[in-house]
Amino acid sequence: MGELRKKFFTAPLLKTIKRVLPSISATEREAMEAGEVWWDAQLLSGKPDWNQLLDMGPPELNAEERAFLDGPVEELCHMVNDWQISFVDYNIPEHVWDFLRKHRFFGIIIPKKYGGLGFSPSAHAEIVTKISTRSTCVGVTVMVPNSLGPGELLLSHGTQVQKDHYLPRLADGTDIPCFALTSPQAGSDAASMVDRGEVCYGEHEGEKVLGMRVNWHKRYITLGPIATVLGLAFKLYDPEHILGDKEALGITVALVPTDTPGITIGQRHLPAMQSFQNGPNWGKDVFIPMEWIIGGRENVGKGWEMLMSALAAGRGISLPSLSMGGAKMAARTTGAYARVREQFNVPVGRFEGVQRRLAEIASIAFVLDSAHKTTTRALDEGRKPAVITAIMKANATSALRRAINDAMDIHAGKAIMDGPSNYLGNVYRAIPVAITVEGANLLTRSLMIFGQGAIRCHPYLLDEILAAENPDTGEGLDQLDTLLPKHFWFQIKTLFRGVFHGWTVGLFASSPRDVGVAAKYYRQLNRYSAVLTLVTEISLMTLGGELKRKELISSRLGDVLSQLYLLSCTLKRFYDDDNPKDDLPLLEFAMRDGLHKIEVSLLEVFQNFPRPFFGQLMRFLVMPWGHSVHTASDRQARACAELLLAPSTTRDRLTCGVYPGNPGDGVDIVEQAFIKVCATEHARAKLKKGGIRVLSRESVEEGLQRNLISDGEASALREAADAVDSAIQVDHFEHLGEHIGRSG
């Protein structure tokens, strides 16, 4: 029976699969093999096992990590002046560099045996988050050596000799690293780089040794202008066949001291007015000994695989930490400013249009914090979820853009007048940088999240593709014959779940125990997990390899997967916090917003599906009633906004990790005004009852003379009036050229 099935069913199907399913290039395969699948695979199974997620618990820092946050990190934030760094010096002052070196900020991920701090990913993330609320420049400077740089590559792939030499020097800042990947010809498509090395013999330290003669041009290299050691990616060739028969050996990564003859370190770039060190470099006929390859000679041609492995973890920490810090800072300061700033004798935070924006800012901070905690918790366990970290990078940086845009709108002129007291303007300028680097968001959304996720997370698809590409046709046929019955049964179950939950709008989907009022949202996520899995199956069956080229369809399906992950993390955070009633407005707003986005993305897929019949069929099968989840109501938005407009444990929990600013800083001034205004609300109500609506020293004196308020209340109101006056002021300069436009 098995032989007949293979002959008359599997063999013809094998030919069809080879023709229809997407082929996988060597570069794509290395990218897919980097990292691992995790909760993303559950979401694309159609029936997620919530216990896998909820049983993880929240991330926890040990005593040493907490002490570092409360000590050196706090001290660093205190000594940093972001305006001075960004608009006067265009550089971090030397005493801050010395502090970073002394306290091993460049060795956060380096084990203690090499002189580093040996902290967990969660601690690494919280450190970067807090610093970034004080200064993007300093945050990036700390982030890069601990993220996608030589340190991480050495830890994972370096020889023991390389580790013993470089890791202690990186940990104490003796060596400053940078990673040189991007070139003018190759940005997101790193495989297209023309930077070239050729295997040859050359002289090193007076001896003839085997190595490579390398030429390159790199740009956009963070820390490049001050780096002492260069992590260099290039394509290696062996035209004389010194190493073997193969000529094109592939992308290779080496560690090269920047004082090596032939290297030119260029002048600085100025990326969107951000003052972190960044610039180009060149190499002309640079001889690099073979032993400088990270991992030695045996890692020749494995550079792309190594880079993808580093990205699989690094993207989940670095830029998401910066984004979360920015979103939290926006939530705290915008709520405070909207409370103290009045127009028409009413706090602007009481206007419904503003309240909607406040609610969106609060929701973004809540979701990002939730997803960040869940992702770093997974990294703490040693996981490297490549698709999930891509989701985090793309969605966190894009969400920060929305949060800061809303914050800028609410602050209005306060946010667009630059100066030491403007705490939003520099973050606003930095956002395009975050969105562009570590895989541009456009590419990540269009090609990576669903393109990799659909294949990596599918229980059978990748194995089927590999079976079809197996050069041994007989072996491939046997592999496929084993997989197809399992895949067919998976499709039957997926069809049933997707259609049933679609037609019943998730009413009968399951939810975990002990999740309280959030149970309805678990049911909706189970519903759309089943729907996405079914839509994925139909899309792959009808489009096959063409799906890779339908980037708008792929990106919308990636948006669904992204929202499922972000909302899963939001539910987990609510569960980990023991379902706090005070946080319910945040949960409701975030869940409704995300579920509505899922429905919009799916309906757009059906509307634009290249096979119109199947597009309409999918809509009929899984969304026959159209939209069933609406965005948060005005009442829910008001409740969410109010959490930012008054002191509360929820506000403190939501914005935990934001540096409060030094006395006299813009963040501190607006927070102090907020505290004083909220503390005098009862006395202010007495003035309003007497017809005095404006808060000023004059109005306070009038209220005191009319016996509307007591002496104590008058004193507190005078302080509040002065604090508000300080909070709404903007900077002005007598001679603008003295403050901006200086070369760095």
Side-chain angles (χ1 to χ4, degrees), residues 58-59 61 69 122 125-126 128-130 132-134 320-340 349 354-377 392 395-396 399-400 402-404 406-407 410-411 423-424 427 517-518 521 566-594 632 636-661 667-668 670-671 674-675 678:
L61 305 189
L69 269 168
S122 289
E126 288 205 32
V128 173
T129 295
K130 187 160 193 173
S132 69
T133 68
R134 182 64 170 161
S321 298
L322 287 170
S323 300
M324 187 177 69
K328 285 186 169 188
M329 191 268 290
R332 190 166 187 89
T333 57
T334 308
Y337 188 77
R339 181 67 180 82
V340 305
V354 172
Q355 287 184 327
R356 189 81 194 189
R357 298 290 188 90
L358 282 172
E360 289 170 357
I361 294 171
S363 174
I364 287 171
F366 187 65
V367 171
L368 286 189
D369 193 24
S370 304
H372 197 242
K373 282 181 166 66
T374 300
T375 305
T376 57
R377 181 70 183 90
M392 282 299 300
N395 285 272
L400 176 62
R402 297 195 304 273
I404 295 296
D406 286 343
I410 293 171
H411 279 77
Y423 40 79
L424 289 176
V427 180
V517 295
Y521 296 124
L566 297 174
L567 297 180
S568 297
C569 297
T570 305
L571 289 175
K572 179 185 183 302
R573 184 250 184 86
F574 193 70
Y575 176 84
D576 288 341
D577 290 344
D578 200 24
N579 305 330
K581 184 178 179 181
D582 290 344
D583 288 6
L584 192 56
L586 290 169
L587 181 73
E588 290 180 337
F589 192 98
M591 296 304 299
R592 285 185 169 275
D593 179 66
Q636 290 170 320
R638 283 194 296 272
C640 203
E642 286 295 332
L643 296 174
L644 298 182
L645 293 170
S648 68
T649 55
T650 297
R651 179 177 183 263
D652 291 341
R653 186 163 54 244
L654 179 66
T655 60
C656 179
V658 174
Y659 183 71
V667 172
D668 174 68
V670 75
E671 182 71 14
F674 172 76
I675 292 170
C678 292

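The structure presented is a predicted model; accordingly, all values stated were derived computationally and were not measured.
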Asks: Using every non-hydrogen atom in the two residues, find where Leu645 and Gly349 come nearest and quote the distance to one decimal.
Replies: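 Where Leu645 meets Gly349 most closely, the heavy atoms are CD1-O, 3.4 Å.
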Asks: Are any side-chain N or O atoms of Thr374 and backbone N or O atoms of Ala371, one a donor and one an acceptor, separated by less than 3.5 Å?
Replies: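 The answer is no, because no donor-acceptor pair under 3.5 Å joins these two groups.
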Asks: Looking at Leu644 and Ala331, what are the two nearest heavy atoms and their distance?
Replies: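 Reported closest heavy-atom pair: CD1-O, 3.7 Å.
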Asks: Starting at CD of Glu642, measure out to CZ of Arg339 and round the result to the nearest 0.5 Å.
Replies: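 Result: 8.5 Å between the selected atoms.
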Asks: Please report the closest heavy-atom contact between Phe366 and Ala590, naming both atoms and the distance.
Replies: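 Heavy-atom minimum between the residues: CD2-CB, 4.5 Å.
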Asks: Do you know the tightest heavy-atom contact between Ala407 and Ile361?
Replies: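 Where Ala407 meets Ile361 most closely, the heavy atoms are N-CD1, 3.7 Å.
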Asks: Applying side chain to side chain donor-acceptor pair (under 3.5 Å) between Asp406 and each of His411, Arg357, Arg356, report the one that passes.
Replies: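 It is Arg357; the other options fail the test.
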Asks: Glu588: what forms a side-chain contact (heavy atoms from CB on, under 4.5 Å) with it, not counting sequence neighbours?
Replies: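 With sequence neighbours excluded, Glu588 shows a side-chain contact (heavy atoms from CB on, under 4.5 Å) to Tyr521, Leu584, Gln636, given in chain and number order.
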Asks: For Leu643, which residues count as a side-chain contact (heavy atoms from CB on, under 4.5 Å) partner, sequence neighbours excluded?
Replies: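 In terms of side-chain contact (heavy atoms from CB on, under 4.5 Å), with neighbours along the sequence ignored, Leu643 is linked to Pro585, Leu586, Thr650.
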Asks: Once rounded to the nearest 0.5 Å, what's the spacing between atom CG of Asp583 and atom SG of Cys640?
Replies: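 Rounded to the nearest 0.5 Å, the CG-SG separation comes out at 9.5 Å.
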Asks: Quick one: list whatever passes side-chain contact (heavy atoms from CB on, under 4.5 Å) with Ser132, sequence neighbours left out.
Replies: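 Scan of Ser132 (side-chain contact (heavy atoms from CB on, under 4.5 Å), adjacent residues dropped) gives Leu322.
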Asks: A side-chain contact here means heavy atoms from C-beta on lying under 4.5 Å apart; do Asp369 and Lys328 qualify?
Replies: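 Yes, at least one pair of side-chain atoms sits under 4.5 Å.
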Asks: Quick check: closest heavy atoms across Ala359 and Phe589, and the distance to 0.1 Å?
Replies: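 Nearest pair, atom of Ala359 first, then Phe589: CB-CE1, 3.6 Å.
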Asks: Listed by chain and number, what are the salt bridge (Lys or Arg N to Asp or Glu O under 4.0 Å) partners of Asp577, not counting sequence neighbours?
Replies: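 Expected list: Arg573.
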Asks: Drop me the distance from Thr129's OG1 to Met324's CE, to the nearest 0.5 angstrom.
Replies: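 The OG1 atom of Thr129 sits 3.5 Å away from the CE atom of Met324.
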Asks: Enter the distance from Thr334:OG1 to Tyr423:OH here, rounded to the nearest 0.5 Å.
Replies: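 The OG1 atom of Thr334 sits 6.5 Å away from the OH atom of Tyr423.
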Asks: Any Lys/Arg nitrogen of Glu671 or Arg332 sitting under 4.0 Å from an Asp/Glu carboxylate oxygen of the other?
Replies: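 Looking at Arg332 together with Glu671, the answer is yes, because their closest N to O distance falls below 4.0 Å.
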Asks: For Leu368, is there any backbone N or O sitting under 3.5 Å from a side-chain donor or acceptor partner on His372?
Replies: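 A pair under 3.5 Å: no.
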Asks: Can you list the residues that meet the side-chain contact (heavy atoms from CB on, under 4.5 Å) rule with Ala518, with sequence neighbours excluded?
Replies: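 Ala518 satisfies side-chain contact (heavy atoms from CB on, under 4.5 Å) with Tyr522, Leu571, Phe574, Leu587 only.
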Asks: I'd like to know if Asp576 pairs up with Lys373 as an ion pair, taking the criterion as any Lys NZ or Arg NE/NH1/NH2 lying under 4.0 Å from an Asp or Glu carboxylate oxygen.
Replies: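 Salt bridge flag = no for Lys373 with Asp576.
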Asks: Do Arg134 and Val667 have side chains that get closer than 4.5 Å, going by heavy atoms?
Replies: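 Answer no - side chains too far apart.
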Asks: How far apart are the closest heavy atoms of Ala338 and Ile410, and which atoms are they?
Replies: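 Closest approach of Ala338 to Ile410, heavy atoms only: CB-CG2, 4.2 Å.
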Asks: Rounded to the nearest 0.5 Å, what separation is found between the CG atom of Leu61 and the CD atom of Glu126?
Replies: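 Reported value, rounded in 0.5 Å steps: 4.5 Å.
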Asks: Under the side chain to side chain donor-acceptor pair (under 3.5 Å) test, which residues partner Arg592, sequence neighbours left out?
Replies: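 If we apply the side chain to side chain donor-acceptor pair (under 3.5 Å) test to Arg592, skipping adjacent residues, there are no hits.
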Asks: When rounded to the nearest 0.5 angstrom, what is the spacing between CG in Asp668 and OH in Tyr659?
Replies: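 Output value for this atom pair is 9.0 Å.
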Asks: List the steps and the verdict of side-chain contact (heavy atoms from CB on, under 4.5 Å) for Val517 and Asn579.
Replies: CA-CA 8 Å; Val517 295; Asn579 305 330; 5.8 Å; no
